[in-house]
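Note sheet for the following structure.
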Amino acid sequence: MLWVIATPDNAGNRRSTWDSDPHRLTARRRPGIASGPRAVARETTDEVQERVTQRSGPWGRKRGLSGSTTRQGFAVLGVSIRREPWIFTLSTLGSVLFGALTVADAWVLGWSTDNVVLPAFEDGEIGSGMLVAVLALFLGVAILRAVGIVARRLGAGVMQYRMQAHTRRAVTRQYLALPMEWHQRHPTGQLLSNANSDVEAAWGPIAPLPMAVGTVAMMAIAVGQMFLADVVLALVGLLVFPVVILANLAYQHYSSPLMTRAQQLRAELSEIAHESFDGAMVVKTLGREGEETRRFAAKAEELRDVNIRAGRIRAAFDPTLAALPNLGVLVVLAVGVSRVLGGASDAGDVVTVSYLLTVVSFPIRSIGWLLGELPRSVVGFRRVTSVLEARGEMPYGAGRVASGRGGAALRVEGVAYAHDPDQPLLRDVAFEVPPGRTVALVGATASGKTTLVSLLTRLVDPDDGRILLDGTDLRDLAHGELPRAVAVVPQTAFLFDDTVRGNVTLGLDVSDEEVWAALRTAQADGFVAALPAGLDARLGERGTSLSGGQRQRISLARALVRRPRLLVLDDATSAVDPEVEARILAGLREGGHDATLVVVAYRKATIGLADEVLHLSGGRIVSRGTHAELLVTDPAYAHLVNAYEQQHDGTAPVSAEVQA
């Protein structure tokens, strides 16, 4: 498998996620970590969220994620409005039209009461002209209101889905830009949750937003008409507003912690599911289906309980908002009847104010729907932003890899690397590989071999020292240059649910003849030709239709077809039988593949291919030389390679070090 160091094409001139202001992710060092270029702070999700909350955002001012939940929620909505102003304007105008026409209903109702209904009771008849006028008024208002509803809902839906798509693309780009060490610290389930449920939660309030904004205009018009009709009744009706505000504050106080916990549990649940699916073979062969089911059920039940608790609070909040205006209507009617009997008000004014108060109840409910979504939105936005603002993006220079088909010169100078400053993985590693030569890395488990492979392919950068390819530091190469010259084949081969051709080329524009040539060198042409569709045969998810050795050979062909100048094999033939491995190694030597070769190996046949062998132990190179020389001069090396051969020949027990 070829590991591509993937970052956005414009990583060197990165644009902000939320708007067009330039924004560059830079490294922040912590005390106690080496001061090399890789010395990036290793932060937990909570630390990132706290930092994101406090520091200025890429849109040029302090992030709105401070203060009350309402304030934070409106700051999140401000991001979407600035990104989609025209769609927001369209949907808001539709909502304003709907609100204005809803208020117009009250005017039509009041006018009809005074000029049609009451005169009809007095005269005993209704004029046909007046009846047609009333029907025309109600019909015209209804049609225009329907137009407003369509514009409001269409704009809100488009705006919400555009923001979700934009954010998911931004999260995906960030995942590709962040180095492997960042991904190793974050569970896959959490990353899936960030890109899915957290994004949906962040932009959930967009759906009721235009309606809430438009109904504010409706509320203002309605309140104005209430005061024009009867000031006293209007003041009586508006007494519900302070109570609504208090109810909202209480709701946010109790619901915000539950929303935060629910989003975290969704990520944990996704993580458990991903582990169970990814480790299906382990689960089934060890008979752990029941344990995995119980583990998933326990987390699902915890999420259920938290959602139920949040739902109970919401269930109390929504009816309260709906009931408060109705209670206000009852009070207005009681006061209005006494004023009509006393001659202080007309019956039409009482009807108008009462109806307008029911109209005002709709904006109150719509604003309540919006406010009810804000706690979950704030939580989702923070979790997404913690990814988008994560540190660790690799810097790139402007250097170019020399063109040509010959092997590359590799030089490693005093390289050190550690995940934890107190537990270094590599210390003062230095060696040189001339162009076209082969070096084997041999060492016991945890000696630093795979870490060194990650450094050679720049999946991570060293804390100290440097790695040079044809005299150029890997960190000085332009983005995309290293994958053109370097390929790595890991021990665990990853294949996509694609055809053989698609898995070998991965989009590279090469002919079928070149694909077959790479397959022949990797000793994979035989079984591929035997597949019913040959190069067009689909391999299934992760290549499940192939054996482990066949997957490794497809992975090797994937690297060879790119004709890299530096080829790194990380125990890449461990699942291949010795006879096939010997033919593969011979093909690498004799098939015109003049790449510089770095091999992590245990088998003597593989090690014997090398011009020089480096013995790693405890993160250091403890000896070097040819295989024959080290067998004589380095007893630990001789014990290691001989024990491996004895294990696989079944002639002797294996030491604890080799078994580890």
| query | Side chains of L519 and L535: does their closest heavy-atom pair fall under 4.5 Å? | reply | yes
| Test side-chain contact (heavy atoms from CB on, under 4.5 Å) applied to R538 - qualifying residues, sequence neighbours left out | D497, D498, T499
| query | Who are the salt bridge (charged side-chain N to carboxylate O under 4.0 Å, His left out) partners of D536, not counting sequence neighbours? | reply | R501
| Can you find a pair of side-chain heavy atoms, one from V486 and one from L456, that are under 4.5 Å apart? | no
| message | Given 3.5 Å as the limit, does a donor-acceptor pair link the side chain of S454 with the main chain of T450, or not? | response | yes
| remark: When every non-hydrogen atom of V613 is compared with those of V442, the smallest separation belongs to CG1-CG2, 3.8 Å
| query | Of all residues at least two apart in sequence or in a different chain, which pass the side-chain hydrogen bond (donor to acceptor under 3.5 Å, both in side chains) check with Q164? | reply | none
| said: I'd like to check V500 versus N503 (side-chain heavy atoms, cut-off strictly below 4.5 Å). Are they in contact? | reply: no
| task | Check whether any side-chain heavy atom of V504 sits under 4.5 Å from a side-chain heavy atom of L506, and report yes or no. | result | no
| said: Among residues at least two apart in sequence or on other chains, which ones pass salt bridge (charged side-chain N to carboxylate O under 4.0 Å, His left out) with R466? | reply: E413
| request: For A300, enumerate each residue passing the side-chain contact (heavy atoms from CB on, under 4.5 Å) test, keeping only those at least two apart in sequence or located in another chain. | output: L269, F296
| request: Kindly say whether A444 contributes a backbone atom to a donor-acceptor pair with the side chain of K449 at under 3.5 angstrom? | output: yes
| said: If the condition is side-chain contact (heavy atoms from CB on, under 4.5 Å), which residues does E481 pass it with, not counting sequence neighbours? | reply: R400, V401, L477, A478, R484
| task | Looking only at non-hydrogen atoms, find the nearest pair between A595 and L566 and report the distance. | result | CB-N, 4.4 Å
| field | Nearest-0.5 Å distance, OG1 of residue T596 to CG of residue L410 | value | 7.5 Å
| task | Could you tell me the separation between the CG atom of D611 and the CG atom of L597, rounded to the nearest 0.5 Å? | result | 9.5 Å
| Partner residues of E513 under the side-chain hydrogen bond (donor to acceptor under 3.5 Å, both in side chains) criterion, sequence neighbours left out | S511
| query | Checking R427 against Y417: charged group under 6.0 Å from the ring centre and within 45 degrees of the axis? | reply | no
| Pair listing, salt bridge (Lys or Arg N to Asp or Glu O under 4.0 Å) test, anchored in residues 191-204, at least two apart | R168-E200, D198-R383
| remark: The reported gap from CG in L539 to CG in L531 (rounded to nearest 0.5 angstrom) is 7.0 Å
| field | Heavy-atom closest pair, residues D463 and A418 | value | OD2-N, 2.9 Å
| Relative to each other, are the rings of H627 and Y637 parallel, tilted or perpendicular (30° and 60° limits)? | perpendicular
| request: Please list, chain by chain and in numerical order, all residues satisfying side-chain contact (heavy atoms from CB on, under 4.5 Å) with T293, sequence neighbours excluded. | output: none
| request: Test W182 against V460 for side-chain contact (heavy atoms from CB on, under 4.5 Å), laying out the working first. | output: CA-CA 10 Å; W182 184 90; V460 294; over 6 Å; no
| message | Donor-acceptor pair, distance only, cut-off 3.5 Å: does the side chain of D473 make one with the backbone of L468? | response | no
| message | I'd like to know if the side chain of R565 and the backbone of A485 have a donor-acceptor N/O pair within less than 3.5 Å. | response | no
| task | Drop me the distance from L455's CG to T451's OG1, to the nearest 0.5 angstrom. | result | 7.0 Å
| Can any side-chain N or O of D570 pair as donor or acceptor with the backbone N or O of V600 at less than 3.5 Å? | no
| said: Run the side-chain contact (heavy atoms from CB on, under 4.5 Å) test on L616 and L441 for me, step by step, so that the C-alpha distance in whole Å, both residues' side-chain angles and the decisive distance to 0.1 Å come before the verdict. | reply: CA-CA 7 Å; L616 274 73; L441 304 176; 4.2 Å; yes
| request: Provide the closest heavy-atom pair for A195 versus V171 in the form atom of the first, atom of the second, distance. | output: CB-CG1, 4.1 Å
| request: Check whether any side-chain heavy atom of T505 lies under 4.5 Å from a side-chain heavy atom of R558, and answer yes or no. | output: no
| task | Measure across N194 and Y175 and return the closest heavy-atom pair with its distance rounded to 0.1 Å. | result | CB-OH, 3.3 Å
| query | Distance-only, no hydrogens or angles: does the Q160 side chain make a donor-acceptor pair with backbone N or O of G157 under 3.5 Å? | reply | no
| query | Atom CG in D525, atom CZ in R520: separation rounded to 0.5 Å? | reply | 6.5 Å
| note | Applying salt bridge (charged side-chain N to carboxylate O under 4.0 Å, His left out) to K299 and not counting sequence neighbours gives E268, E302
| Considering only heavy atoms from C-beta outward, does the side chain of D461 approach that of R475 to under 4.5 Å? | yes
| Should F381 and W203 be marked as a side-chain contact (heavy atoms from CB on, under 4.5 Å) after you check the CA-CA gap, both sets of side-chain angles, and the distance that decides it? | CA-CA 8 Å; F381 184 79; W203 305 122; 4.1 Å; yes
| Distance from L556 atom CG to R551 atom CZ, nearest 0.5 Å? | 15.0 Å
| message | A side-chain contact here means heavy atoms from C-beta on lying under 4.5 Å apart; do I554 and F527 qualify? | response | yes
| said: Quiz question: by atom type and distance under 3.5 Å, do the side chains of R83 and H166 form a donor-acceptor pair? | reply: yes
| task | Mind listing the closest non-hydrogen atom pair of T457 and L482 along with its distance? | result | O-CD2, 3.5 Å
| Listed partners of S623 passing side-chain hydrogen bond (donor to acceptor under 3.5 Å, both in side chains), at least two apart | D634
| task | Go through the structure and list residues passing salt bridge (charged side-chain N to carboxylate O under 4.0 Å, His left out) with E84, not counting sequence neighbours. | result | R162
| field | Flag side-chain contact, heavy atom, 4.5 Å: I621 against H615 | value | no
